[in-house]
Amino acid sequence: MSFHIGSQIRSAEPFGAAVERVSTLMEQLRREGIALKTIDAGGGLGIDYHGGRFDAAAKAREYAAAIEEGLGGFEGRLLVEPGRFLVAQAGALVARVLYVKRNGKKTFVICDAAMNDLIRPALYQAHHEIVPVKPRVGQARTVDVVGPVCETGDFFCTGPQTRTG
């Protein structure tokens, strides 16, 4: 039996509750002669894109404990998808600024990376820290950091959350 309750849930408790319900259902089915042997607890924990300190090991322990408690006496195979919280902070996209464009009150920083390199901001409003490779001096400005593809979704950060300096 497979279920997916969401991919951006940051608390382990809903997963434990879902596993418990599925485990109970599987036990009822077993008593009726339908013996399913596998639970796929898909989804996994989401990540806090705007949070502070992130402790992947503690989150994994919390998730495992909730799942284990929810399983109760289930004797079978468990499949889990740990979720993006394990890999979301594991890489970096390095891009070069091609040019800066001002359009009325908006300033666009166009870089040589695009939504095809990092689509998550367009799809999930995922927040990715943008930091200069070489720190610069000067006054911080509010800008939109975008790619050169010229599509509505070709952005990395927009508006007040993006400050450069």
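Below, each value reflects all heavy atoms present in this structure, side chains not excepted, and no hydrogens, waters or symmetry copies. All residue numbers refer to positions in the sequence shown, counting from 1.
Of all the heavy atoms in Val145 and Cys111, the pair that sits closest is CG1-SG, 4.4 Å. Contact between Lys37 and Met26 at its shortest, heavy atoms only, is N-CE, 4.2 Å. Taking all atoms of both residues into account, the shortest heavy-atom contact from Ile5 to Ala18 is CG2-CB, 3.9 Å. Across all their heavy atoms, Pro148 and Ala113 have their closest contact at CD-O, 3.3 Å. The minimum heavy-atom distance between Ser2 and Asp40, with the atom names listed, is OG-OD2, 3.3 Å.
Residues Val131 and Val133 do not share a hydrophobic cluster, defined by chaining ILVMFWY side chains whose heavy atoms lie under 4.5 Å apart. Linking ILVMFWY side-chain heavy atoms closer than 4.5 Å, directly or via other members, places Ile34 and Phe74 in a single hydrophobic cluster. By the criterion of side-chain heavy atoms lying less than 4.5 angstrom apart, applied directly or through intervening Ile, Leu, Val, Met, Phe, Trp or Tyr residues, Ile119 is not grouped with Val149; the two fall into different hydrophobic clusters.
At least one donor-acceptor pair under 3.5 Å links the side chain of Asp112 to the backbone N or O of Arg96.
A 6.0 Å sphere centred on CD of Glu75 holds no more than 12 heavy atoms belonging to other residues, nucleotides or ligands.
The shortest distance between side-chain heavy atoms of Arg102 and Val100 falls below 4.5 Å. Using a 4.5 Å heavy-atom threshold, the side chains of Leu45 and Ile9 count as separate. A heavy-atom distance below 4.5 Å is found between the side chains of Tyr63 and Val80. In this structure the side chain of Phe156 reaches within 4.5 angstrom of the side chain of Leu93, judged on heavy atoms. For the pair Arg77/Ile39, no side-chain contact is recorded, criterion being any heavy-atom separation below 4.5 Å from C-beta on.
In terms of the salt bridge (charged side-chain N to carboxylate O under 4.0 Å, His left out) criterion, Glu81 has no residue partners (sequence neighbours excluded). Glu20 is linked by a salt bridge (charged side-chain N to carboxylate O under 4.0 Å, His left out) to nothing, counting only residues two or more places apart in sequence or in another chain. The salt bridge (charged side-chain N to carboxylate O under 4.0 Å, His left out) test applied to Arg30 returns Glu27, not counting sequence neighbours. By the salt bridge (charged side-chain N to carboxylate O under 4.0 Å, His left out) test, Lys101 is found to be paired with no residue, residues two or more places apart in sequence or in another chain being considered. Not counting sequence neighbours, the partners of Ala66 by the side-chain contact (heavy atoms from CB on, under 4.5 Å) test are Ala12.
Going from atom OG of Ser23 over to atom CD of Gln28 covers 10.0 Å, rounded to the nearest 0.5 Å. Note that CD of Glu62 and CD1 of Ile67 are 11.0 Å apart. Values are rounded to the nearest 0.5 Å.
In this structure, Leu98 belongs to a hydrophobic cluster whose other members, linked by side-chain heavy atoms under 4.5 Å apart, are Tyr99, Phe108, Ile110, Val146, Phe155.
Side-chain atoms of Asp144 and Thr158 include no donor-acceptor pair closer than 3.5 Å.
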